[in-house]
Amino acid sequence: MNHTTISRRNWLKGMGFVTLSPLGLPNVENPIDGNLKLSLNAYSFHRPLTEGRMTLDDLLDFCARYQLDGLDLTAYYFPGYPEVPPDDFLFEIKRKAFRKGLSISGTGVRNEFVHPDAEKRKEEVDLVKRWIVAASKLGAPVIRIFAGHNAYENYSREQVLEWVVAEIQTCVEFGKKLGVMVAIQNHNAFLRTADQAISLIQMVNSPWFGLILDIGSFREGDPYAEIEKCIPYAVSWQVKETVYRQGTPEKTDLVKLFELIMRSKYRGYLPLETLGPGDPFLKVPAFLEEARVALKN
């Protein structure tokens, strides 16, 4: 072994690499740095988008201007939702995002799988399937769904859970064929606690299914304990300005949150979502800056 080889190996160790793979590529000892990416959930601009004061092109421009890594492009801001736009519209969004250096980190729909009418649940499954196809065309790796919001009398939670699991499994198998993950959002409705979300994910039992970890929708107990419990099941996030401790709102401690994430095996996108009153054109940049500072700590 000559001096040049030794020096190069020592240099790689100094940069955080330990050994060289059989192909001569470095094996990274600690993959945390550079593997958490900030994205934006389109819902942050819900009012401007629904009131016609902002277009999807404007949203892409905003994300590029503030150097976000990605955009979680919620389906209900596409024209004609719940119908899927024509391919040329989807492909133009995909092209523009690519040209601006943005990944479409996910999309999502509104759906109800808790309805006792099997035909209505089938309609909801068909909705999810249509948007799984759209997600594959957009290049979105995951689609966000809900279990449901309504509570129906005369049915036990166990009965409703059976419907929800069966419909999700149908969607997941469809998504697998198109290379799109399906993920459930805990939304303080049918899913209120970490244990409920985890139980559902374990019942569906597929590597193509996971959790959109909504940090603002745990309303019981210690929110950070609930979040930490769910991190192993997370495939994406909704990082919000506010969490709830025993039902009482408090400002999210982003440093604490990101420390929990960095200690876990989660790597990928952290979509930010701002809610409530105020101008999103001011609120989003401020929250984004907070997140960037917290990630450096």
Side-chain angles (χ1 to χ4, degrees), residues 31-46 48-49 54-78 90 93-109 131 134-145 179-187 210-217 227 230-231 233-243 252 254 257-258 260-262 264-275 280-281 283-296:
I32 289 176
D33 293 339
N35 284 274
L36 292 174
K37 303 177 179 66
L38 293 177
S39 181
L40 178 70
N41 191 295
Y43 198 87
S44 299
F45 286 94
H46 175 70
L49 286 167
M54 188 182 203
T55 66
L56 294 183
D57 281 357
D58 295 332
L59 186 57
L60 290 170
D61 288 341
F62 178 92
C63 291
R65 186 178 309 121
Y66 284 93
Q67 299 182 326
L68 282 148
D69 297 302
L71 172 63
D72 190 326
L73 196 49
T74 313
Y76 25 97
Y77 301 121
F78 283 81
L90 297 175
I93 291 291
K94 183 178 182 179
R95 183 190 69 82
K96 289 176 179 176
F98 171 69
R99 292 288 291 151
K100 294 177 186 298
L102 293 167
S103 296
I104 298 177
S105 62
T107 187
V109 296
W131 280 95
S136 71
K137 292 176 179 179
L138 286 166
V142 63
I143 185 168
R144 180 178 65 257
I145 65 169
V180 176
M181 289 196 73
V182 176
I184 195 85
Q185 179 185 343
N186 58 294
H187 199 244
L211 178 66
I212 303 291
L213 211 170
D214 177 351
I215 71 168
S217 285
I227 291 165
C230 284
I231 291 177
Y233 303 90
V235 297
S236 191
W237 294 70
Q238 288 188 352
V239 176
K240 296 178 176 177
E241 303 155 289
T242 302
V243 294
T252 300
L254 289 175
L257 174 67
F258 292 156
L260 291 176
I261 296 171
M262 287 179 180
S264 76
K265 293 182 179 180
Y266 180 84
R267 301 295 177 265
Y269 289 96
L270 299 172
L272 308 178
E273 183 177 285
T274 62
L275 303 172
F281 291 96
K283 291 179 65 177
V284 172
F287 193 43
L288 174 60
E289 181 59 24
E290 286 183 40
R292 284 177 168 151
V293 169
L295 277 174
K296 292 178 182 177

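Scope of the values below: all heavy atoms of this structure, side chains included, with no hydrogens, waters or symmetry mates.
Partners of Lys137 under the side chain to side chain donor-acceptor pair (under 3.5 Å) rule, at least two apart in sequence or in another chain, are Asp87. Scored by the ring pair (Phe, Tyr, Trp, His ring centres under 6.0 Å) test, Tyr77 finds His46 as partners (sequence neighbours excluded). Taking Asn186 as the reference, nothing meets the side chain to side chain donor-acceptor pair (under 3.5 Å) condition, with sequence neighbours excluded. Tyr76 pairs by the ring pair (Phe, Tyr, Trp, His ring centres under 6.0 Å) definition with Tyr81, not counting sequence neighbours. In terms of the side chain to side chain donor-acceptor pair (under 3.5 Å) criterion, residue partners of Lys100 (sequence neighbours excluded) are, by chain and number, Asp61. Annotation: side chain to side chain donor-acceptor pair (under 3.5 Å) contacts of Tyr43 (sequence neighbours excluded): none.
Proximity of Ile212 to Asp72: side-chain heavy atoms (C-beta onward) are nowhere separated by under 4.5 Å. A heavy-atom distance below 4.5 Å is found between the side chains of Ile227 and Trp237. In this structure the side chain of Pro48 reaches within 4.5 angstrom of the side chain of Pro280, judged on heavy atoms.
Under the 3.5 Å distance criterion, with hydrogens and angles disregarded, no donor-acceptor pair is assigned to the side chains of Asn41 and Ser44.
Side-chain atoms of Thr252 come within 3.5 Å of backbone N or O of Lys240 as a donor-acceptor pair. At least one donor-acceptor pair closer than 3.5 Å links the side chain of Thr107 to the backbone N or O of Leu73. A donor-acceptor pair under 3.5 Å links the side-chain atoms of Ser39 to the main chain of Leu71, judged by distance alone.
Taking CD of Gln238 as the reference point, atom CZ of Arg144 lies at 5.0 Å (rounded to 0.5 Å). Annotation: the span from Asp58 atom CG to Phe281 atom CZ amounts to 7.0 Å, rounded to 0.5 Å. Distance check: Arg267 CZ to Ile261 CD1 gives 10.0 Å after rounding to the nearest 0.5 Å. Once rounded to the nearest 0.5 Å, the distance linking CG of Leu272 with CD of Glu241 reads 9.5 Å.
Taking a 6.0 Å sphere around CZ of Phe98, one finds it holds 12 or fewer heavy atoms contributed by other residues, nucleotides or ligands.
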